[in-house]
Amino acid sequence: MIKAENVSKHFEDFVALDSVTCNIQDGCIYGMVGSNGAGKSTFLRVLAGVYKADQGQAYIDGEPSYENPKAKNKMVFVADELFFLPGASMNSMASFYRSIYDRFDDERFKYLTGVFGLNPRKNIANFSKGMKRQVAIILALSTRAKYMFFDETFDGLDPVMRNLVKKLICNDVAELNSTVIVTSHSLSELEDICDHLALLHKGGMVLDSDVLDLKTAQFKVQVAFMEPFSQELFEGMKITRYRQEGSVANMIISGDREECISKFKALNPAVLDVLPLTLEEVFTYEMEALGYNFENVLEGMHNEQ
Amino acid sequence: MNNKRYFSVNMFWQTFKQLRAIGIVATVLMVFFNIVTVWFGAIGAEAMIKMYADNPNYRFTPEVVSVTMMHEPLFLMLWVFTPLLALNAWKFLNKRNTSDFYHSLPYTRVCLFVSKTVAAIAWMLFTLVVVYVGTAITYVLCKKYYVVDHVTLFRMFLAVFIAGLLVFAAISMACAVTGNGFNNLVVSLIILFVPRFMITLTTSAISMMTYIVSETKALSFINDTQNMVTSLVFNTFMYFGSSTQDIILSVEANIYTLVLAIVYMVLALVLFVRRKSETAGKASDGKGIDFVSKFIVAGLISSVGTMSAVVDTYGYSDISDLEKMSYIYAVVACFFAAAIAVVLYEFFASRHSFKFKRCLVPIGCGWAFALLMIVVLNVSADNILSYKPERADMDYVIISDMDENDYYYDNMEYFNSISKKTKIKDEKILDIVSEALKYNIEMVEKDRYDEFYRYSHENYYDADTGMSGKELSYVGYQVYIKDGAVGRYRTIYFTSEQEKAIVNNMQNIKEYKDAFYDLPAYDKASVEWYGYSDFGEENSRVLYETFLEELKGVSFEDYYGLIKGDSGYAESVSLGINFSRGGYTYSAELELSKKVFPKTVNKYYQINNKEALKDTKAMDGLKAALRKVIDGKFNPEDKGKEEYLDACVLYTDDSIITVDEYVAGERDNVRTVLYPELLKAVESGKEQDFLANDKMLVRVSYSNADDMHNWYFVNYFVTIDKNLDIDWKELFEDYGYGVIIEYD
């Protein structure tokens, strides 16, 4: 399990992380979103033992990650800016990783190299940006690390490769009970892979929740009646957002979905549509509920993309 | 010890592989420069031997390999490859992605530092071992052409390795606290050179203020040779009284440099562990380092101004009018230059994040430091001038020649070097040192110290006082006074009388005397008999062994007289000995007079004649020339331009008379009496005894050239009857050289 306790990190006057606390369970794919400077990369580096937290501590399986080879041996970190040894090929990088990571799996490396269709003897410097990212992912997955941290790793991959990577990560999680933390600017990139999502904003973690809970805890309802009606009609339901135009009302409701549908049906509506929320909508509403203006955050994230 | 906490073989090996390009290039280049140059020297020497194979007068003398010869290619390791290895080993710290990558690996920072350091040092060691083994083997294979002290060779490589460690450690320290290439270099240079430069600056100032301490010896516990790296560099630009071999082969310097390297290495490790990965790409790791770097720049430059002001004004009670207060301008100019330098430093180091306000505190502290130096210098100088030890205060003294020109050359003059190693406890000498030091200090305090300089030159004449250097001759010496744990160095001018008394009393010191007699065996030296002809390896050996045997019975007074050049104009035999001992390369030159070394000189003449007789062409020419002179046919005006005949009579032990063909033309008795005697002696071809007191020694020289203008020449020694009908005294007055001390 990964645990962060009141982790703070400053760069001179800039607050990169401000008392961030979270627990990440084993076998979880944990997505982190946030705009530039939100603290995603810094948080990953603190977890990976690259940065020492100014305050607080990050733990891997109960042990501090900073300056702890035992804890770090369980994890692999793929940074947003990749590094390969000068003049290295995939094979020589594999040799390098093999000498460092105790559980490096050569068979898996060969398999993944084949899956991605890369030439392992070719100088990595001659690879495209996307191919280099694939190499970094292959090497990371070949370490068979229990904890894998990917910092904006999907950015720069084409959709086919992105899906392939996601599939491979999901397989690792399923087979090895690995824990993966993925950061991204784009919420939609993480939506279909993560089972847990966190939102960082200005160094603080403003939301940290299970995706399923997020998605199922709220739903969108569109309902119409032949007779005039108002919001009072739906008294007893947990409506977090309500808008009515004429005989049609749109609302976001949290609570038990089936129970709500039964209640609506009992009111004999002319139209009843129950729709799932996109993660972006969930985030927007959750953030609003917490008092944040998520539109601004989203706007910043979209601009970066 | 392959764990991930302290040392990882895997990380070591990975780094070793990453550095292989530099290591291999270093090894190849150094092997080339070291070994190939030795081979080339040997090939050249062999070519010379072959070229002169037919010349009986040519004997090849092997070259004594000096430290200078050895070290030059090795310095590639120190100044090029070690910095490259260090900068490459730590370059990952300068980029965010590489720094983050390495710090994310499952190693502690200690393990990362130690493994990478050991890998870089392994390349240094590998390169030096390969080059050392190669060089040693090459010298063994080429022993015909070189005289090599293999202990020196090993120590040379060891010294370069130790110096390399210091360079590596300093660069590692710099890389641990900085985050870009520019600052890596600047801070490396600051760490390596600024402390020693500051010490040198301070000691130079103290030396200029007090006169009685040299700039290299002002602080006895810190001298210029201790830090091999800085002293080798400073010696390149200015002479500090120490040679390359002094620096490299000094055990004290080796140990000091090694200890400093270890201290720097430990500091580098501590700084590396404390370093934040986010420093990559930035000027420095935190404000502290940034401040220290700027403070050093400001303090150093500002101090130049205050120090020069102190030197200019020291000892003057009223400084208001001193050279129109030029020292104030120097201080202001240096303070201003310091501020500019710090601002430029901030600009180049920080670039986009340049902040002028970051310069203000370091500049202020630098100025304060420079002002503090005024107090430090004054207190130090006062302390030095107040030291006036009595005999009882001194454990011993070591007196070295102040004229240390020997150091400029590869070889140290052996006989001069002896006094530098002799600890003198003689009470008389200690009294002289005490007395002279007090007088020197008195002269400093009276501002009359320059008289020592003036009156230490014999040709100096002061028209105002009518005094000349000869009348008031002073001789400067460097004196080490051992009076406690470390002792002190003083530059002391002695009067001629004091110097003579010191020399006389030195002869009572057994170890001093013994060292003069301790010359190397033939096989341990390159021996050269200078003079009129050379006569092969075996003759050279026999003659040298005769000399060593005879030396055992020679009195120190006579021997010392010869060393000091008292052999006069006599037909002495010149001997040159080059050898290497204890890591130092020495040369010893001796003029062996017939009076002090009769057996050796006698043997020399006999061997010379034996070899000369083998050259029938030259000997026939000599005899023919003698006959022509006797017959009055050897007219210098008519003779071939390239034919010369000369006879040199050893008139006394200290005087000669040259009676060549011209004299024979002018003096009938020379032609009719002396030359027939010479011809008779030459024609007899018998081995003569040159020790007979009733005979006079004459060297007959002849040279000519064949039709192809190839020169040939011969020297032949003969003895003639003293009682020939010749007025030797008159002849000496007209054609003689030297001094007649005694003649019957």
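Per chain, numbering begins at 1; letters A, B, ... match sequence-line order.
Considering every non-hydrogen atom in both A:Leu85 and B:Gln18, the closest pair reads CD2-NE2, 3.4 Å. A:Pro69 approaches B:Pro106 most closely through the heavy-atom pair CB-O, 3.5 Å. For the pair B:Arg109 and A:Gly49, the tightest heavy-atom approach, listed with the atom from each and the gap, is NH1-O, 4.0 Å.
Judged by distance alone, the side chain of A:Lys52 and the main-chain N or O of B:Ser277 form no donor-acceptor pair under 3.5 Å.
Contact annotation for B:Phe92: neither backbone nor side-chain heavy atoms come within less than 4.5 Å of a heavy atom of chain A. For a residue to count as touching a neighbouring chain, one of its non-hydrogen atoms must lie under 4.5 Å from one of that chain's; by this rule A:Ser92 does not touch chain B. Contacts between A:Asp80 and chain B at a heavy-atom distance below 4.5 Å involve the side chain alone, from C-beta outward. In this structure, chain B has heavy atoms under 4.5 Å from both the backbone and the side chain of A:Ser95. With a threshold of 4.5 angstrom between heavy atoms, B:Glu278 approaches chain A through its backbone and through its side chain. Of the atoms belonging to B:Lys95, not a single heavy atom falls under 4.5 Å from chain A.
No more than 12 heavy atoms of other residues, nucleotides or ligands lie within 6.0 Å of CH2 in B:Trp13, so this atom counts as exposed by the packing criterion. The local environment of OH in A:Tyr111 is sparse, with at most 12 non-hydrogen atoms from other residues, nucleotides or ligands closer than 6.0 Å. For A:Lys132, the NZ atom sits in a packed shell: over 12 heavy atoms of surrounding residues, nucleotides or ligands are nearer than 6.0 Å.
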| Please walk me through it: do B:Phe101 and A:Phe77 pass side chain to side chain contact (heavy atoms under 4.5 Å, CB included)? | CA-CA 8 Å; B:Phe101 175 78; A:Phe77 172 52; over 6 Å; no
| message | As a quick check of understanding, evaluate side chain to side chain contact (heavy atoms under 4.5 Å, CB included) for B:Arg5 and A:Asn68, giving each step before the final call. | response | CA-CA 8 Å; B:Arg5 194 160 284 280; A:Asn68 187 346; 3.9 Å; yes
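Considering only heavy-atom pairs separated by less than 4.5 Å from chain A, the leading option among B:Arg96, B:Lys276, B:His103, B:Lys17 is B:Arg96. Among A:Phe96, A:Tyr97, A:Phe84, the residue with the largest count of heavy-atom pairs under 4.5 Å with chain B is A:Phe96. Annotation: maximal heavy-atom pairing with chain B below 4.5 Å, among A:Tyr51, A:Tyr101, A:Phe149, occurs at A:Tyr51. Ranked by heavy-atom pairs shorter than 4.5 Å toward chain B, the options A:Glu81, A:Arg98, A:Lys70, A:Arg45 are led by A:Arg45.
Separation of atoms OG (B:Ser104) and CD1 (A:Ile100) is listed at 8.5 Å; rounding is to 0.5 Å. Taking CG from B:Asp100 and CG from A:Asp151, the interatomic distance works out to 9.5 Å, rounded to the nearest 0.5 Å.
Residues A:Glu67 and B:Thr108 bring no donor and acceptor atom of their side chains to less than 3.5 Å of each other.
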